[in-house]
Amino acid sequence: MGMIAIAIARIHNLFAVVMLTGIFSLLGAAAYVIMDAVDVAFTEAAVGAGISTVLMLGTLALTTSEEKPSPKKNVVGALIVVTITGAVLIYGTLDMPHYGDPLAPVHQHVADRYIGQSGTEVGLPNVVTSVLASYRGYDTLGETYVIFIAAIGVLAILGRVRFPRRREEDIAEDDAQKTPDETARETGA
Amino acid sequence: MAFPGLLNYWLIIGLMMIGFYIVIAHGNLIKKIVGLNVFQVSVFLLYITMGKVEGGTAPILAEGITAYSNPLPHVLILTAIVVGVATTSLGLALVVRIRNAYGSIEEDELDVQDDRP
């Protein structure tokens, strides 16, 4: 995944970048399966690798698919900021519980109850579904609100835009630059 | 230190920083959104590694299994993935709108058109 991420950072062809993002999401989904999060892997493969990629391809179709290389001073400054942030974050992980530790604080509170009781309280074998739809149902309701608001936002932003306008302007500009001679030749043909 | 110990966090921080770098170093708006996506996926991975229990299986109740991974981070991240797509689509819509208004999606060209250095 690291290699794909670096490739995404280096490549300037946006079409390749979008495809690599899809692959990145798919590798992420594989990592979730390894870490026992099968439901998350489903969602990531369908939504992250599928819908996101389609949305980005749509955007590429409406905009451009080549990126200009970034100026040098940007790169150096960004590298310094990123290195410092990464070092601070790694310092922060030194107190974290080790990978797979069953005594980690995350596992000490409600998770036991969810695993122990949800079978009888909700009646579904899949604990993730029980928590999502029953114990934390309001979370899911809020999530649907977010999607609804995002849809309204997209419609508000793009609803009144006439996409061909850009091209008409380009053609108009091209026409303005042409000599009368050329125009005459075109209309004649 | 038992393998992988804290290595999982460090790998994820590496990914996260690549995403962060893409966001701040590149002027192309689509590239910035891709960088945000990379960052997002690494945050998801961070949560999921915290939910993993040694010797546990996926949290689906079955006979004869006693150790399950923690389902709570899974639920939070399921919600986060969907919200992430919502924000991505909103960002991409803004990019399309900017392209329509300015004819470019490079940050420096937009600055020039706005008369800023």
Side-chain angles (χ1 to χ4, degrees), chain A residues 1-2 5-6 8-9 14 17 21 25 28 31-32 35-40 43-44 47-48 51-52 55 59 62-63 67-68 70 74-75 78 81-82 86 89-90 93 96 98-100 102 106-107 111 114-115 119 125-128 131-132 136 139 143 146-147 150 153-154 157-158 161 166, chain B residues 2 4-6 8-10 13-15 17-18 20-22 24-28 30-31 34 37-38 41 45 48-54 56-62 68-72 74-75 77-79 81-83 85-90 92-97 99-100 105-106:
Chain A
M1 284 182 78
I6 291 170
I8 291 175
L14 289 176
V17 166
T21 316
S25 280
Y32 298 146
M35 292 184 283
D36 296 343
V38 282
D39 307 75
V40 184
T43 318
E44 178 73 34
V47 172
I51 297 178
S52 285
L55 285 175
T59 314
L62 292 174
T63 57
E67 179 200 23
K68 288 202 319 184
S70 42
N74 255 3
V75 173
V81 172
V82 163
L89 283 176
I90 285 179
T93 62
M96 297 280 281
H98 285 190
Y99 177 75
V106 199
H107 310 309
Y114 287 157
I115 291 172
N126 189 337
V127 184
V128 175
V131 177
L132 190 77
R136 301 187 69 93
D139 258 15
E143 175 194 331
V146 170
I147 301 170
V154 170
I157 292 169
L158 295 183
V161 179
R166 191 74 228 158
Chain B
L6 297 173
N8 57 327
Y9 299 119
W10 298 344
I13 287 172
L15 279 183
M17 288 306 110
I18 296 172
F20 187 33
Y21 172 81
I22 299 175
I24 60 179
H26 288 265
N28 187 295
I30 292 180
K31 199 75 173 270
V34 168
N37 255 338
V38 171
V41 170
L45 281 168
I48 300 294
T49 56
M50 289 198 280
K52 169 74 178 162
V53 175
E54 194 69 61
T57 63
I60 296 171
L61 301 175
Y68 297 102
S69 288
N70 192 339
L72 196 54
H74 301 184
V75 175
I77 295 310
L78 272 181
T79 311
I81 289 177
V82 177
V83 170
V85 167
T87 51
T88 304
S89 62
L90 202 60
L92 290 172
L94 280 172
V95 170
V96 171
R97 190 73 185 81
R99 157 81 183 182
N100 253 316
I105 53 170
E106 300 286 343

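Chain A is the first sequence line, chain B the second, and so forth, proteins listed ahead of strands; every chain is numbered from 1. Since we're looking at a predicted model, the values are computed, not measured. Quick note: numbers below take in every heavy atom, side chains included, and nothing from hydrogens, waters or symmetry partners.
A:L132 is listed as a side-chain neighbour of B:T79, based on a closest heavy-atom distance under 4.5 Å. The shortest distance between side-chain heavy atoms of B:K31 and A:V17 falls below 4.5 Å.
Between chain B and the options A:V81, A:V146, A:V128, heavy-atom pairs under 4.5 Å are most frequent for A:V128. Considering only heavy-atom pairs separated by less than 4.5 Å from chain B, the leading option among A:D39, A:I147, A:I8, A:I51 is A:I8. Each of A:A78, A:P125, A:S25 has some count of heavy-atom pairs under 4.5 Å with chain B, and the biggest count is that of A:P125. When the candidates B:I13, B:L94, B:L72 are compared by the number of heavy-atom contacts under 4.5 Å with chain A, B:I13 comes out ahead. Ranked by heavy-atom pairs under 4.5 Å with chain B, the first of A:D139, A:T43, A:V38 is A:T43. Per-residue counts of heavy-atom pairs under 4.5 Å with chain A were compared for B:I77, B:V83, B:N37, B:T57; the largest is that of B:T57.
The part of B:I22 that comes within reach of chain A is its side chain, from C-beta onward, which places non-hydrogen atoms under 4.5 angstrom from that chain. Heavy atoms closer than 4.5 Å to chain B are found in both the backbone and the side chain of A:T93. In this structure, chain B has a heavy atom under 4.5 Å from the side chain of A:L14, while its backbone stays farther away.
Residue B:L6 holds its CG atom at 10.5 Å from CD1 of A:I90, rounded to the nearest 0.5 Å. In this structure, CG on B:N70 lies 11.0 Å from CG on A:D36, to the nearest 0.5 angstrom. Distance check, rounded to the nearest 0.5 Å: NE2 of B:H74 to CE of A:M35 gives 8.5 Å. Interatomic distance, A:I6 CD1 to B:L15 CG, rounded to the nearest 0.5 Å: 9.0 Å. Here the CG atom belonging to B:L78 is positioned 12.0 Å from the CZ atom belonging to A:R136, to the nearest 0.5 angstrom. The structure places CD1 of B:I30 at 3.5 Å from OG1 of A:T63, a figure rounded to the nearest 0.5 Å.
Annotation for B:A93 and A:I157: closest pair O-CG2, 3.7 Å, computed over non-hydrogen atoms. Contact record, B:E54 with A:Y99: OE1-O, 4.0 Å, taken as the closest heavy-atom pair. Nearest heavy-atom pair, B:S89 versus A:L55, reported as atom, atom and distance to 0.1 Å: CB-CD1, 3.6 Å.
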